[in-house]
Structures are given as structure tokens and as C-alpha cells.
Amino acid sequence: MKKFLVVALCLAVVPCAYGADMAKAKAEGKANFYANITAVEPIMEAFKVSQGVEGIYTRISTSKYLSTVITEFEAGKLAADVLQGPLPILQTLKDNGVLVPYRSPSAAGYPDWARADDTIVQFGIEYVAPIYNKELVKAADVPKTYMDLADPRWKDKIVMPNPSTHATTISWLVGLKEMKIFASDDEWMKFVKGLAANRPMFVASFGPSPAPVESGEKLIAISMPKYIITHAPAPLDWARVGTILGSPRGIAIAARAPHPEAAKVFMDYWLSGAAMKLLADKVGEYVLTPGVFPPIDGISGAKVLPIRELSDDEIKSWGEEFRKIFEGV
């Protein structure tokens, strides 16, 4: 009777925390994984070796993610079993009924805020910080604060995603204001206008941002420190400018997944310490598994915080505001 009550209570509180059926998962044979994250092949291989189920990785760019998944889902042709992406994208998919609840036991040690949702587990933060060419920037000149990026010495020497169109950069700039990184909103706006006055070169996203720094065309990128790992042995380092902000990354199981048990097994593995260590070591990602950090000097001691999810209207409004500032100087 006691056992029955415990099970009943668990089912009431945790709707789909049944755990994966490994035998069924192996019979299904594979789990299709749609993601916008790159360089995760080592995890796919380790998953197959350790679980006996194949992980099929399909990369979809952030700009095409929603349209691709929703179009396939509405047509009844969504092949994905597990979906990974920035939190706002997964939240939109959840709102459209594309995701189903599942609470993986592998997420038990994650921060409460990262597993508060019954469907989407946040496993990492897409952290943003200045990176620079360590062969061309003298140690004494490396920015020590965000405001240092507004110093006129960096005029025509910075590259960054376009702050009028790139949603993550828009969210990051707004996050610097909302997280009180600056003493006041006036100081924050002084930073934004100073950065704009340095006439940064714009690229479409963070992906292309390291290349001009590696080549010496530019000296600093508003980018992600993970490229120090994925672009090694490029002469890149990151500027210790204080608290680092970034967008949370999430993962969830698709509704009507073609391989539902394999999907649970994959998600359990993805959230495990072994997989997250691979993601940190091989891809340089900042993950939320306690005690696991990318092998980048200084990152383990850095304060890394998630920023607020902006609505579509906010992204549009702030993008227009930043367009005026950056194109008006």
C-alpha cells in the first residue's frame, strides 16, 4: 500500500518521470537529435558506445530552427525525438504543443531554476564575452571592464554580431542593463554609445566573429570564449571583464517522437556528467553540471549568469533602438 501511494504521488507531481525503458530503446535503435549547437559529434559517438543506441544529429541554424520544426510538426513529419536550442526557441515550441513533459533523473543535481519547467531542462549558458588576439593585443591593453570596450583605442578594431538583428546580441546588451552590470542606466547607455562610436564590423552571428580576430583584421570580438577551444590553436584569449552573461540552452523531448524510449535514454545521457564533461572539454560550452567547466583559463572562477528571455516584441523594439545608435554614429 505504501509503495502504491509513493508511486501515485510521484506520478501526480512528476507527470512523465517514468525513466527510460532501455530494452525498448535498443529495439527502437536510434534517437534523432535536432540541435543548433555545433561540434557535438564526440557525444553522439559516446552515446552509441555506452547505451547501444545510435544518436542521429541534425544541425539546424537558429534562424531556421522554428520554421523548420513547426513546419515538419504541423505536417505530421517531424523526425526529431529530442530537440535542443536556445530557451526562447524551445519555449515557443512548447507553447505550440511540439514538446512533451519529461523529467530526467540525470538533471537532479542541476540548479533549481534550470529544471523548474516540467518539459524543458536548461543544461548550459551560451556565454558571451570579449575575446581577443593575444599575439597582437598587449597584456596591459586587454579590456578589464565592459566600459573599456568603448575606449577610442579600439575604433575600427572590434567585430560583433549585428546588434539590430541578432537576437542573442540584443538580449545580451539588454541583459547588461537589467543585471546591473553598470552603476546606472546612464552608464550602460554611455557604454553602448561608446561601443557604437568604435564602429564595430558586423557579422551575422557569433559563429563568424572569431575569424577576423584570428587573422588580425580586427583585434577584439564580442563573441564566446568557447571558440578558444574549438578554434585552437588560434591565438585567442578572453578578456576578464567581470560577470559574464548569456542565454540559457535547453533540451526537451518532441511530442509524437518516432522513438520515444530512445528519446528518454538520449536525454538522460545528454544531461549526465559524462556527456556534459565532453561538451565542456571538446566544445568549450559552459554547462550547469556542478563542478564541470570548460578547460579555459579563468572560466572556473568566473561568475556566469543567465539573462532574461526577451519577448519577440522586445527583441524588435530593442533591435530598432540599437540600429539607431549604431548606424547613427
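Computed from a predicted structure; not experimentally measured.
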Colleague: Are any non-hydrogen side-chain atoms of Ile70 and Leu93 less than 4.5 angstrom apart?
Modeller: yes
Colleague: Side chains of Thr289 and Lys277, heavy atoms from C-beta outward: is any pair under 4.5 Å?
Modeller: no
Colleague: Provide the full list of salt bridge (charged side-chain N to carboxylate O under 4.0 Å, His left out) pairs with a residue in residues 146-174, sequence neighbours left out, each pair given once.
Modeller: Asp141-Arg153, Asp151-Arg153, Asp156-Arg199
Colleague: Just jot down the side chain to side chain donor-acceptor pair (under 3.5 Å) partners of Glu45, sequence neighbours excluded, or say none.
Modeller: none
Colleague: Name all pairs fulfilling the side-chain hydrogen bond (donor to acceptor under 3.5 Å, both in side chains) condition that reach into residues 174-186, sequence neighbours left out, sorted by first residue then second.
Modeller: Glu178-Arg308
Colleague: With a 4.5 Å limit on heavy-atom distance, are the side chains of Phe182 and Lys190 in contact?
Modeller: no
Colleague: Would you say the side-chain atoms of Ser317 pair up with the backbone N or O of Asp313, donor to acceptor, closer than 3.5 Å?
Modeller: no
Colleague: Main chain of Ala108, side chain of Arg115: is a donor-acceptor contact present, judged purely on distance under 3.5 Å?
Modeller: yes
Colleague: Does any N or O in the side chain of Gln84 come within less than 3.5 Å of the main-chain N or O of Asn36, such that one atom is a donor and the other an acceptor?
Modeller: yes
Colleague: If you measure from CG on Leu310 to CD1 on Ile315, what distance do you get to the nearest 0.5 Å?
Modeller: 4.5 Å
Colleague: Can you tell me how the ring of Phe47 sits relative to the ring of Tyr269, calling it parallel under 30°, perpendicular over 60° and tilted otherwise?
Modeller: tilted
Colleague: Please tell me whether Asp268 and Ser106 have a donor and an acceptor in their side chains that are separated by less than 3.5 angstrom.
Modeller: no
Colleague: Kindly assign one of parallel, tilted or perpendicular to the pair Phe33 and Trp270, based on the angle between their ring planes and the thresholds 30° and 60°.
Modeller: tilted
Colleague: Among residues at least two apart in sequence or on other chains, which ones pass side chain to side chain donor-acceptor pair (under 3.5 Å) with Ser61?
Modeller: Ser63
Colleague: With a distance cut-off below 6.0 Å to the six-membered ring centre and an angular limit of 45° from the axis, does Arg249 pair with Tyr286 as a cation-pi contact?
Modeller: no
Colleague: Measuring from Ile307:CD1 to Leu176:CG, what's the distance to the nearest 0.5 Å?
Modeller: 8.5 Å
Colleague: Salt bridge (charged side-chain N to carboxylate O under 4.0 Å, His left out): which pairs involve residues 22-31, sequence neighbours left out?
Modeller: none
Colleague: Looking at side-chain heavy atoms only, is the closest gap between Lys226 and Glu126 below 4.5 Å?
Modeller: no
Colleague: Could you check if a side-chain atom of Met160 sits within less than 4.5 angstrom of a side-chain atom of Leu195, using non-hydrogen atoms only?
Modeller: yes
Colleague: Is there a donor in the side chain of Tyr102 and an acceptor in the side chain of Thr119, or the other way round, less than 3.5 Å apart?
Modeller: no
Colleague: Can you find a pair of side-chain heavy atoms, one from Tyr127 and one from Pro225, that are under 4.5 Å apart?
Modeller: yes
Colleague: With a 4.5 Å limit on heavy-atom distance, are the side chains of Thr169 and Phe206 in contact?
Modeller: yes
Colleague: Which residue pairs satisfy the salt bridge (charged side-chain N to carboxylate O under 4.0 Å, His left out) criterion with at least one member in residues 162-175, sequence neighbours excluded?
Modeller: none
Colleague: Is there a chain of hydrophobic side chains (I, L, V, M, F, W, Y, each step under 4.5 Å between heavy atoms) that links Tyr65 to Leu87?
Modeller: yes
Colleague: Looking at every non-hydrogen atom in both residues, tell me the closest pair between Met276 and Val292 and how far apart they are.
Modeller: O-CG1, 3.8 Å
